[in-house]
There are 2 protein chains.
Amino acid sequence: MDISRRYETAIAHAIARGQSGMPPGKLAHALEYAVMPGGARIRPTILLSVAKACGDDQPEIADAAACALELIHCASLVHDDLPCFDDADTRRGKASVHRAYSEPLAVLTGDSLIVMAFEVLGRVAHLDAQRSAALVLALAGCTGMPNGICAGQGWESEAEIDLGAYHRAKTGALFVAATQMGAIAAGHDPHAWEELGMRIGEAFQVADDLRDAVSDAKTLGKPAGQDDLHGRPSAVSEYGVQGAMSHLQDILSGAIASIPACPGEAALAQMVQAQAQRFAPQGAASKRTIPGE
Amino acid sequence: MDISRRYETAIAHAIARGQSGMPPGKLAHALEYAVMPGGARIRPTILLSVAKACGDDQPEIADAAACALELIHCASLVHDDLPCFDDADTRRGKASVHRAYSEPLAVLTGDSLIVMAFEVLGRVAHLDAQRSAALVLALAGCTGMPNGICAGQGWESEAEIDLGAYHRAKTGALFVAATQMGAIAAGHDPHAWEELGMRIGEAFQVADDLRDAVSDAKTLGKPAGQDDLHGRPSAVSEYGVQGAMSHLQDILSGAIASIPACPGEAALAQMVQAQAQRFAPQGAASKRTIPGE
């Protein structure tokens, strides 16, 4: 089965379980709305690519890890879109969850998806309880405090912002988790995979800043120009558009160079390159259609 | 060590870990503010009482379970108080988290506490990975969709409410988790403990409805009369104050009768009785000081 079918199947099963029995109907629908159809699914793609590069001896655990990580990502998008954060009307080309359902249901959707992510990891403990627990810890580390995406958002409420910590937590954490959880799921040492995740995260952040600056809302499937509007630090405000573009290329070369020696090394380098081409805008003036996150 | 020292120590350690390093300062403080000083801590008290009744052969796991359950409870209070839900200005006799910090920080505090709860359970996997995973699943079940407290809140957005499912999910779920997680932490079968949790949950819901109806905000440490104000279903609107009082007594007798045969059975019955006396209002007119949740 190809990678995208693997994680989509795992995600669909998790959502179906969350809707089983006689749950409150609107919240049950909102869970699905927040997660499907997906955006670029770059994090589960990286996770499963790393798991395959590491031998993928327990594919069901790797699928659970990919699903859990994407659920956390989707939860973060739902909460980030709330009126008290970005107040975004659209996401992935349709109404944001709080616009389509309501603000209370958006809060609960995010909460439920966070919980579901850990539940998915708990459900594979019968296959390997140690890996399941290691995945729980890795996922918690990239999501909560003091270093996860919650911490990243938390930095936006500070008068003095630690820019490095902000980017590492807000964007980098889930990419580090993608490479490390892929390794854990396949029984490999996660530490060797940290640098690749960090570098992909940096690349993604710069690419995202560029897209926010040079694309329009229709192309992005969400409001554009948000960094500028909210006065948020970005690679474009720091280096300018051309500077950010060449910075991005440097980071990607470093990412590929950092891939640990493993059976699937070459295929993984190709995947990183392909994802990068998919995400980086072609130039400051180009506006092509890319799936929004 | 007595029960309250055990769970307070576990909670303090978890919060300290969430604040370690150089995290965003306001969110780090808000985590602590949301959790300490605590309310009645009835759920971790029940959990550790059940674990003790079951032999408590792995106290560190039981402490982690008690801590995790209380973190989820505190997270739910922070999110329930948000302007889009109860819009509560006060909680436990002080400003609610979104009033003391901000709405974005309250959303992130709840999110971070949910994540922290699962992290705490993952951290005891080195002692017993199977019990750790079973606790993750039990905690997820009582928290998320389709049957946990998120589902309970979700029912409030439905035009037609399933009252039984609403109460079981909104209040009952965490009490069932308290008894079942106590049993799991001590290596016992959780199913035998479900009924006790359900009955304590029902009793607590009725007691809470009574307190909301007959107490004032100063006594409760949070706004009173909320059920009436928000048109929420309650035992008082259903049976009247006196009817609800006698219903409460019946439920408690059933709870004590349902305790499975175990070495600590008598002590546990005493604990249930003591908690009930602590929570039930003395009468419709009495207004005594009890710790707010």
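Lettering of chains follows the sequences in order, A, B, ..., and the numbering in each one begins at 1.
- Of the residues considered (B/Asp111, B/Ile72, B/Leu82), B/Asp111 shows the highest number of contacts with chain A, using heavy-atom pairs under 4.5 Å.
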Begin with the C-alpha distance, continue with both residues' side-chain angles, and end with the deciding distance and a verdict on side-chain contact (heavy atoms from CB on, under 4.5 Å) for A/Val115 and B/Phe118.
-> CA-CA 9 Å; A/Val115 173; B/Phe118 289 100; 4.1 Å; yes
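- Of the atoms belonging to A/Leu121, not a single heavy atom falls under 4.5 Å from chain B.
- Between the side chain of B/Glu158 and the backbone N or O of A/Lys26, at least one donor-acceptor pair lies under 3.5 Å.
- Between A/Pro23 and B/Pro146, the shortest heavy-atom distance links the atoms CB-CB, 3.8 Å.
- B/Gly18 and A/Met145 get closest at one heavy-atom pair: O-CB, 3.4 Å.
- Put simply, OG on B/Ser157 and CD on A/Glu103 are 11.5 Å apart, with the number rounded to the nearest 0.5 Å.
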Would A/Leu137 and B/Glu119 satisfy side-chain contact (heavy atoms from CB on, under 4.5 Å), going step by step from the backbone distance to the final call?
-> CA-CA 6 Å; A/Leu137 290 179; B/Glu119 188 167 19; 4.0 Å; yes
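- Comparing A/Ala169, A/Gly141, A/Ser112 by how many heavy-atom pairs each has under 4.5 Å with chain B, the most go to A/Ser112.
- In terms of heavy-atom pairs under 4.5 Å with chain B, the best-connected choice from A/Pro83, A/Gly122, A/Ser102 is A/Gly122.
- With a 4.5 angstrom heavy-atom cutoff, A/Arg17 touches chain B only via backbone atoms.
- Within a 6.0 Å sphere centred on CE of B/Met22, other residues, nucleotides and ligands contribute 12 heavy atoms or fewer.
- Ranked by heavy-atom pairs under 4.5 Å with chain B, the list A/Pro104, A/Ala117, A/Ala134 is led by A/Pro104.
- Proximity to chain B is absent for every atom of A/Ala165, based on heavy atoms less than 4.5 angstrom apart.
- Comparing B/Gly21, B/Cys84, B/Ala140 by heavy-atom pairs within less than 4.5 Å of chain A, the highest count is held by B/Cys84.
- Contact annotation for A/Val136: only side-chain heavy atoms (C-beta onward) come within less than 4.5 Å of a heavy atom of chain B.
- Contact tally against chain A (heavy-atom pairs below 4.5 Å) for B/Ala125, B/Ala30, B/Ala151, B/Ser76: the top residue is B/Ala151.
- For the set A/Leu135, A/Asn147, A/Leu139, A/Leu105, the count of heavy-atom pairs under 4.5 angstrom toward chain B peaks at A/Leu105.
- Using a 4.5 Å cut-off between heavy atoms, A/Phe85 touches chain B through its side chain atoms alone.
- Ranked by heavy-atom pairs under 4.5 Å with chain A, the list B/Ala75, B/Gly110, B/Ser20 is led by B/Ser20.
- Chain A forms more heavy-atom pairs under 4.5 Å with one residue of B/Gly152, B/Ala106, B/Cys150, B/Ala133 than with any other, namely B/Cys150.
- Between chain A and the residues B/Val107, B/Leu113, B/Leu31, B/Ile149, the largest count of heavy-atom pairs under 4.5 Å involves B/Val107.
- Heavy-atom neighbours of A/Glu60 CD from other residues, nucleotides or ligands within 6.0 Å: at or below the threshold of 12.
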